[in-house]
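Keep in mind that this is a model prediction, so the values were computed, not measured. Proteins get letters first, then strands, A, B, ... in listed order; numbering begins at 1 in each.
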Protein chains: 4
Amino acid sequence: MVRVTVWGENVHERTEEAVRTLYPDGMHGAIAAGLTELSGDRVRVRTATLDEPEHGLTDAVLGETDVLTWWGHAAHEDVADAVVDRVHDAVLGGMGLLALHSAHYSKIFRRLLGTSCSLRWRNDGERELVWTVDPAHPIAAGVPHPIVIDAQEMYGEHFDIPEPDELVFISSFTGGEVFRGGCCFTRGAGRIFYFSPGDQEYPVYCHPDVRRVLANAALWASPVAPERGAALASEQSPRDWFAR
Amino acid sequence: MVRVTVWGENVHERTEEAVRTLYPDGMHGAIAAGLTELSGDRVRVRTATLDEPEHGLTDAVLGETDVLTWWGHAAHEDVADAVVDRVHDAVLGGMGLLALHSAHYSKIFRRLLGTSCSLRWRNDGERELVWTVDPAHPIAAGVPHPIVIDAQEMYGEHFDIPEPDELVFISSFTGGEVFRGGCCFTRGAGRIFYFSPGDQEYPVYCHPDVRRVLANAALWASPVAPERGAALASEQSPRDWFAR
Amino acid sequence: MVRVTVWGENVHERTEEAVRTLYPDGMHGAIAAGLTELSGDRVRVRTATLDEPEHGLTDAVLGETDVLTWWGHAAHEDVADAVVDRVHDAVLGGMGLLALHSAHYSKIFRRLLGTSCSLRWRNDGERELVWTVDPAHPIAAGVPHPIVIDAQEMYGEHFDIPEPDELVFISSFTGGEVFRGGCCFTRGAGRIFYFSPGDQEYPVYCHPDVRRVLANAALWASPVAPERGAALASEQSPRDWFAR
Amino acid sequence: MVRVTVWGENVHERTEEAVRTLYPDGMHGAIAAGLTELSGDRVRVRTATLDEPEHGLTDAVLGETDVLTWWGHAAHEDVADAVVDRVHDAVLGGMGLLALHSAHYSKIFRRLLGTSCSLRWRNDGERELVWTVDPAHPIAAGVPHPIVIDAQEMYGEHFDIPEPDELVFISSFTGGEVFRGGCCFTRGAGRIFYFSPGDQEYPVYCHPDVRRVLANAALWASPVAPERGAALASEQSPRDWFAR
């Protein structure tokens with residue numbers, strides 16, 4: 001049982017009629033529904049949003065979260081630094097993180113990766129093709145090659161991230177750009193997956209293949225061993241401390 | 001249910017009294033017992049040895065094998081090239097492979113990696129410490145830091161392998177040498193794990209922590225999706241072949 | 001001074017009028033001219049072809065070669081295994097290798113990488129865009145983003161190679177496919193760069209940006225230290241062999 | 001000509017007689033002398049210290065710096081955040097960074113890597129052996145295998161860093177611990193090398209092999225192309241912006 005918290009900025013859905021029509025329950029609602037639809041009893045999903053106290057990400061909530069998904073865009077700067085610190089600590093301690101689309105510019109993603117995370121972009125409703133380059137990866141299981149998304153915002157290289165620990169998907173767009181849109185990183189004891197499809201103007205999170213990727217990723221990112229975080233503790237160690 | 005075939009060269013056990021005493025059922029028998037002991041119903045384990053027809057690795061056997069473990073040392077050159085070809089194809093098609101100790105010089109390991117796989121060595125019964133450098137990796141789950149093996153053959157750098165896709169363990173020895181002794185590679189759709197402890201003169205495969213590593217590795221190396229191999233097929237592709 | 005040997009299969013140029021028109025001095029001649037044009041006194045370039053004795057790759061030639069470039073397509077199977085063995089040894093010992101376009105299926109490339117190296121393909125004269133994903137890499141220095149090649153054969157994923165040690169370029173094609181077309185590998189003490197543009201039906205090796213990539217790659221792949229190969233020797237090592 | 005700025009915290013040297021005796025010109029002085037000794041005209045070296053205005057790292061200084069070396073320990077928290085921001089920007093823009101020994105806990109190193117960078121430690125004057133695991137790497141050129149450092153502080157795993165882009169050296173210590181002590185990272189357009197030997201209580205920066213590593217690393221980390229930083233700019237990009 002993987003406990004997933006789906007975090008949504010929930011700004012576009014409240015302020016733009018077109019987005020509300022696509023996502024009547026919010027983008028977080030659609031993401032949560034997809035996880036439950038595909039993984040059933042293997043996950044327990046809750047949601048949290050920016051406007052809740054502490055953005056819905058209290059110590060108690062994070063303590064009960066194996067994997068956190070993050071979608072933000074218009075209000076990155078409104079996320080409190082104290083919450084970012086808390087999420088950062090949780091990831092290093094073993095919590096998984098799925099950073100979605102415009103979350104490339106979120107405080108937490110940039111904090112974890114250490115680079116600018118800048119990219120090229122154009123919102124012109126282009127076809128996005130998502131190609132699998134690591135067919136042995138669990139996140140690619142059951143995913144067609146390529147995924148065809150009829151209309152999406154273009155995200156293009158150069159994407160200023162560290163070299164991914166595992167590169168799973170590369171996207172192309174009608175205009176010819178390419179993008180490393182499915183990337184795995186391990187930071188501390190936590191597993192991070194960035195997945196680029198998902199602009200708010202298109203129903204990407206209702207796409208069955210995108211839902212499959214996110215369901216796979218939630219299982220992949222869940223901690224493999226509860227004791228992992230402790231193994232990372234720094235300490236002064238006397239000679240032969242490990243002797244039995 | 002992961003179907004594991006434990007392959008053993010089974011030469012030292014038949015020709016050396018000391019090894020037979022350590023491993024009355026063969027090294028393959030001890031490895032198989034450890035997998036069954038720790039993974040129970042999650043695995044179904046069989047064994048195969050060099051002296052069987054086709055070394056016990058017929059098309060039928062490989063077709064029913066999710067993960068193959070390989071221990072060889074004295075008789076690498078006696079392994080038929082046709083069997084090596086068959087195992088190579090199976091790994092690229094998705095079968096997992098655990099290459100153990102002196103299997104670093106086996107035909108199949110060198111074929112898959114493309115390098116000489118040479119290393120330094122000294123058989124002097126030194127203490128080996130196995131340190132986890134990737135605590136978030138499933139193969140390291142439940143493994144103490146470090147594993148203490150009281151007596152083992154020294155394997156030391158430089159180990160002439162490609163850079164591992166994931167480096168999980170690094171060993172040190174009494175004499176001061178270090179060794180990248182726990183390495184993951186993906187080749188085709190197959191996952192490969194090399195684990196260095198396991199000289200025939202010491203009861204390494206009875207060590208509970210070594211058994212834990214192998215049990216974790218067998219689950220990690222099992223194919224995540226049966227269709228993976230097919231995704232690798234090379235073919236001429238007309239324009240828009242992927243359109244729905 | 002980097003000593004480069006440009007190896008060409010030299011079959012299409014001799015048997016097809018259209019190719020001969022594009023490459024009157026052979027594809028190897030064009031590649032060699034590009035290296036000399038851009039690197040001047042920093043390189044000394046010679047050529048060798050399949051129809052020469054030992055394919056022009058004698059021990060003496062390899063002994064004077066820092067970097068070998070390889071283009072083959074129609075006659076991969078005609079390359080003698082003894083020459084492949086020799087080139088394999090040379091690469092592991094420190095010689096650089098640039099594998100070009102259809103060399104993905106050459107014996108030497110598959111031997112070094114251990115996988116099938118299969119890919120999707122379509123020869124339809126599509127525009128290829130070559131995007132830099134590692135702008136800090138020396139092979140990308142002075143290369144526009146993207147390189148625009150007006151007409152080329154499509155090579156598409158999945159490309160069945162090990163995960164590259166460094167991924168420098170990703171290509172897209174008019175039809176929407178993507179390809180990891182600029183990949184670095186280290187094997188033994190040798191550096192390998194695979195670069196996909198270069199079908200014989202298009203004047204790709206006259207393209208100034210392609211020439212820039214190859215010139216950069218030749219310098220990058222040259223051995224950094226003559227003693228490197230020796231460090232890889234396997235040997236039995238007594239305790240404290242390294243003490244001064 | 002690589003312009004190197006050697007930054008030193010310069011606290012232990014001023015407050016502890018034993019350290020001053022080892023390093024009468026400061027640790028930064030010894031590091032600078034080693035670079036000049038080994039690289040001669042290929043480098044131009046200057047130093048800067050914590051107690052200078054803006055810690056000696058003004059915009060003007062960074063603008064004339066190709067590679068910055070960083071040693072700090074007692075006063076990490078005294079480094080102004082504005083200077084850390086400035087160095088961070090410079091690295092992403094292409095400046096190389098050599099992070100030395102206890103700089104693993106510096107603000108700039110943790111900012112760039114995103115993890116805790118914690119480790120095990122024990123200051124007991126143990127012998128450190130530095131083993132090369134990537135003999136083809138330019139930083140390892142001319143370096144003995146292993147480097148023998150008679151007395152050093154122990155740094156041991158787990159070292160909480162992202163998986164290095166290139167792992168060059170692994171250390172072992174008398175007590176049996178191991179440490180990934182020579183690690184390369186690329187962040188933005190900048191190259192980073194972490195090298196662990198160098199506690200202030202031992203004359204490590206006078207050791208000829210350590211000096212060789214640092215001299216190699218300074219050349220390796222220098223920007224390969226002045227235009228690299230610009231390639232990383234994020235921008236909205238109209239369709240066909242790249243067409244000639």
Just distance, no hydrogens or angles: give the donor-acceptor pairs under 3.5 Å from side chains in residues 179-189 of chain D, sequence neighbours left out.
| from | atom 1 | to | atom 2 | distance (Å) |
| --- | --- | --- | --- | --- |
| D/Arg180 | NE | D/Glu157 | OE2 | 2.9 |
| D/Arg180 | NH2 | D/Glu157 | OE1 | 3.1 |
| D/Arg180 | NH2 | D/Phe159 | O | 2.8 |

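- Under the side chain to side chain donor-acceptor pair (under 3.5 Å) criterion, A/Ser237 pairs with D/Arg120, sequence neighbours left out.
- With a 4.5 Å cut-off on non-hydrogen atoms, D/Arg239 touches chain A through its backbone and its side chain both.
- Separation of atoms CG (D/Leu112) and CG (A/Leu113) is listed at 12.0 Å; rounding is to 0.5 Å.
- Taken to the nearest 0.5 Å, the CG atom of D/Asp240 stands 7.5 Å off from the CZ atom of A/Arg122.
- No other option in D/Gly156, D/Gly176, D/Pro238 has as many heavy-atom pairs under 4.5 Å with chain A as D/Pro238.
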